[in-house]
Protein chains: 2
Amino acid sequence: MKTTLRKIVTEAREVFREHGYDGASMQDLASRVGLKKASLYTRFPNKESLVPEVLALTLEETVQGLPDPNDDWQLTWQTLIGRIEKTLEERQRCVGLHLAYGVTSATPEARAAVCQFFTALREKMAQILRLGGIPDPDAVAADTLAQLEGATVWITTSGDVTPLHRAAESACRIAD
Amino acid sequence: MKTTLRKIVTEAREVFREHGYDGASMQDLASRVGLKKASLYTRFPNKESLVPEVLALTLEETVQGLPDPNDDWQLTWQTLIGRIEKTLEERQRCVGLHLAYGVTSATPEARAAVCQFFTALREKMAQILRLGGIPDPDAVAADTLAQLEGATVWITTSGDVTPLHRAAESACRIAD
DNA sequence: TTTACACCCGACCGGTCGGTCGTTTTTATA
DNA sequence: TATAAAAACGACCGACCGGTCGGGTGTAAA
């Protein structure tokens with residue numbers, strides 16, 4: 001059943017989120033899934049190949065079922081921002097950011113996946129803003145994402161979520 | 001000579017910046033300094049103890065010799081922002097952020113050092129803003145730092161420095 | 001010249017890493 | 001129920017990890 005495969009990916013996401021790419025242990029991942037390490041390698045050829053799967057799932061979960069921006073782009077935007085805010089607040093860190101900092105030229109496929117993830121997310125955000133006639137939507141999308149992710153440093157260091165909330169609030173104000 | 005000790009700390013900063021806490025190798029650090037691994041342990045008891053030194057040095061370099069904010073707080077603010085911007089652009093990543101994501105409860109001293117680093121930097125920024133009569137200086141300082149650090153994700157993923165430049169520019173506009 | 005000390009290093013420790021292999025167990029099909 | 005594929009596993013690999021130890025080595029004070 002695909003259940004196991006999906007569980008590997010979702011648990012891998014948490015391992016990467018908590019420990020980054022280098023710090024993520026296949027042994028740790030296996031025990032979280034309830035398998036032995038060797039069993040993981042029947043599904044994935046290596047650790048690096050987990051990264052694209054993790055980010056693809058994350059992107060999909062982030063944008064799936066969003067209200068149609070052609071109907072009400074403000075609602076779409078605010079829903080998207082709210083989802084990101086909620087995830088970051090609950091999980092404390094951004095997987096994408098931890099991976100972006102962790103992957104190097106030694107893991108080119110993972111590197112490409114991280115790049116794709118952020119590009120796709122920014123493009124999705126820019127699309128919505130474009131429908132709202134917001135000027136320079138790519139820049140606004142990139143800056144909004146930067147603000148939200150940067151706010152997680154305060155969560156991890158001091159548990160302070162107010163910068164994240166202010167970031168989300170000011171992002172939502174773009175659509176007013 | 002203190003030269004060796006300082007070189008260890010400055011090189012450790014680059015190792016942490018590039019590889020994070022877990023990924024940083026004492027072997028790697030030693031070879032960058034031009035020593036053998038065992039020699040590092042005559043200066044530092046363990047890897048964790050490098051973190052406070054690295055962050056203390058970074059904080060000191062960031063704020064030392066800043067123009068007196070009592071004379072011209074705008075100049076002080078913009079100089080500080082400019083320094084952070086320059087470092088992030090040159091080095092591509094923020095050591096503090098990589099360490100913030102990398103240290104866990106297993107390394108409490110490192111964790112505390114990271115917390116202190118960001119708190120001190122934010123407080124320094126807030127002090128300047130306070131002299132300028134900026135409302136809610138702590139929040140503004142935290143948000144400014146978040147925006148600058150978040151912008152590094154675009155540098156690492158795609159080499160795009162424009163989000164960082166926009167962040168710095170908008171930060172400088174606070175003091176106008 | 002002796003002594004003492006800071007420093008450096010080669011060799012080594014136990015442990016964990018990502019990954020492999022041969023075999024056993026489960027599962028789907030027929 | 002027979003069979004073949006898929007999945008899980010225990011044991012193992014070489015490499016590297018953070019860290020230790022005992023023995024040099026250069027230097028400076030006595």
Side-chain angles (χ1 to χ4, degrees), chain A residues 1-54 95 98-99 101-111 113-114, chain B residues 1-54 95 98-99 101-111 113-114:
Chain A
M1 297 66 180
K2 290 186 102 180
T3 319
T4 301
L5 219 155
R6 192 176 187 90
K7 177 152 198 198
I8 293 175
V9 176
T10 59
E11 291 295 335
R13 174 166 55 187
E14 298 316 305
V15 179
F16 284 138
R17 197 196 308 276
E18 293 168 27
H19 301 286
Y21 185 79
D22 275 335
S25 149
M26 297 298 275
Q27 173 74 10
D28 180 12
L29 171 58
S31 78
R32 294 194 195 205
V33 178
L35 292 175
K36 302 297 169 181
K37 187 176 55 161
S39 306
L40 293 178
Y41 288 89
T42 64
R43 319 290 194 122
F44 294 93
N46 50 49
K47 181 161 120 176
E48 189 177 4
S49 66
L50 285 165
V51 174
E53 303 292 333
V54 161
V95 218
H98 211 161
L99 285 172
Y101 262 61
V103 300
T104 65
S105 52
T107 52
E109 292 176 27
R111 201 174 181 67
V114 172
Chain B
M1 300 69 179
K2 289 187 104 180
T3 320
T4 302
L5 218 155
R6 193 176 187 90
K7 178 152 197 197
I8 293 175
V9 176
T10 59
E11 290 294 336
R13 173 165 56 186
E14 298 315 306
V15 179
F16 283 138
R17 198 198 307 277
E18 294 168 26
H19 301 286
Y21 185 79
D22 275 335
S25 149
M26 296 297 276
Q27 173 72 23
D28 181 11
L29 172 58
S31 78
R32 293 194 195 205
V33 178
L35 293 175
K36 301 298 169 183
K37 188 176 55 160
S39 305
L40 294 178
Y41 288 89
T42 63
R43 319 290 193 122
F44 295 93
N46 50 49
K47 181 160 117 175
E48 188 177 4
S49 65
L50 285 165
V51 174
E53 304 290 333
V54 161
V95 219
H98 211 161
L99 285 172
Y101 262 62
V103 299
T104 65
S105 53
T107 52
E109 291 176 27
R111 200 173 181 68
V114 172

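- What you find for A:Pro52 and A:Glu109 is that their closest heavy atoms are CG-O, 4.5 Å.
- Per the geometry, CG belonging to B:Leu35 stands 15 Å off C1' belonging to D:dT25, to the nearest Å.
- Here the P atom of nucleotide C:dG10 and the CG atom of B:Leu40 are 13 Å apart, to the nearest Å.
- The rotation axes computed at either terminus of the helix from C:dT1-D:dA30 to C:dA30-D:dT1 lie 10° apart, taking five pairs at each end and rounding to 10 degrees.
- In plain terms, the two heavy atoms of A:Pro45 and A:Ser49 that are nearest each other are CD-OG, 3.4 Å.
- Closest approach of B:Thr107 and B:Glu48 over heavy atoms only: C-OE2, 2.9 Å.
- No donor-acceptor pair closer than 3.5 Å links the side chain of B:Arg13 to the backbone N or O of B:Val54.
- For B:Arg43 and C:dA6, the shortest distance from a side-chain N or O to OP1 or OP2 is not below 4.0 Å.
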**Q.** Worked verdict on A:Thr4 versus A:Arg43 for side-chain contact (heavy atoms from CB on, under 4.5 Å)
**A.** CA-CA 9 Å; A:Thr4 301; A:Arg43 319 290 194 122; 3.6 Å; yes

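- When all heavy atoms are compared, the tightest approach of A:Val51 to A:Val114 is CG1-CG2, 4.3 Å.
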Can you pull every protein N or O that's under 3.5 Å from an N or O on nucleotides 16-19 of chain D?
residue	atom	partner	partner atom	Å
D:dC17	OP1	B:Ser25	OG	3.1
D:dG18	OP1	B:Ala24	O	2.6
D:dG18	OP1	B:Lys47	NZ	3.0
D:dG18	OP2	B:Met26	N	2.9
D:dG18	N7	B:Lys37	NZ	2.8
D:dG18	O6	B:Lys37	NZ	3.4
D:dG19	OP2	B:Tyr41	OH	3.1
D:dG19	OP2	B:Lys47	N	2.8
D:dG19	N7	B:Lys37	NZ	3.2
D:dG19	O6	B:Lys37	NZ	2.9

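- The side chain of B:Ser39 places an N or O atom within less than 4.0 Å of a non-bridging phosphate oxygen (OP1 or OP2) of C:dC9.
- One can place CD1 of A:Ile8 at 11 Å from C1' of D:dA8, the figure rounded to the nearest angstrom.
- Between A:Leu29 atom CG and C:dC17 atom P the separation is 12 Å, expressed in whole Å.
- A heavy atom lying under 4.0 Å from DNA chain D marks none of the residues of residues 12-20 of chain A.
- At whole-Å resolution of the value, CZ in A:Phe44 and P in D:dA6 are 16 Å apart.
- In this pair, A:Tyr21 and A:Phe16 present their aromatic rings parallel. The plane angle is below 30°, not in the 30 to 60° band.
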Q. Should A:Ile8 and A:Glu53 be marked as a side-chain contact (heavy atoms from CB on, under 4.5 Å) after you check the CA-CA gap, both sets of side-chain angles, and the distance that decides it?
A. CA-CA 10 Å; A:Ile8 293 175; A:Glu53 303 292 333; over 6 Å; no

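- One finds the CG atom of A:Leu40 at 9.5 Å from the NZ atom of A:Lys37 (value rounded to the nearest 0.5 Å).
- Smallest separation of non-hydrogen atoms from B:Leu29 and B:Ala12: CD1-N, 3.4 Å.
- Distance check: B:His98 NE2 to B:Glu18 CD gives 10.0 Å after rounding to the nearest 0.5 Å.
- Here C:dT24 presents its C1' atom at 15 Å from NZ of A:Lys36, a figure rounded to the nearest Å.
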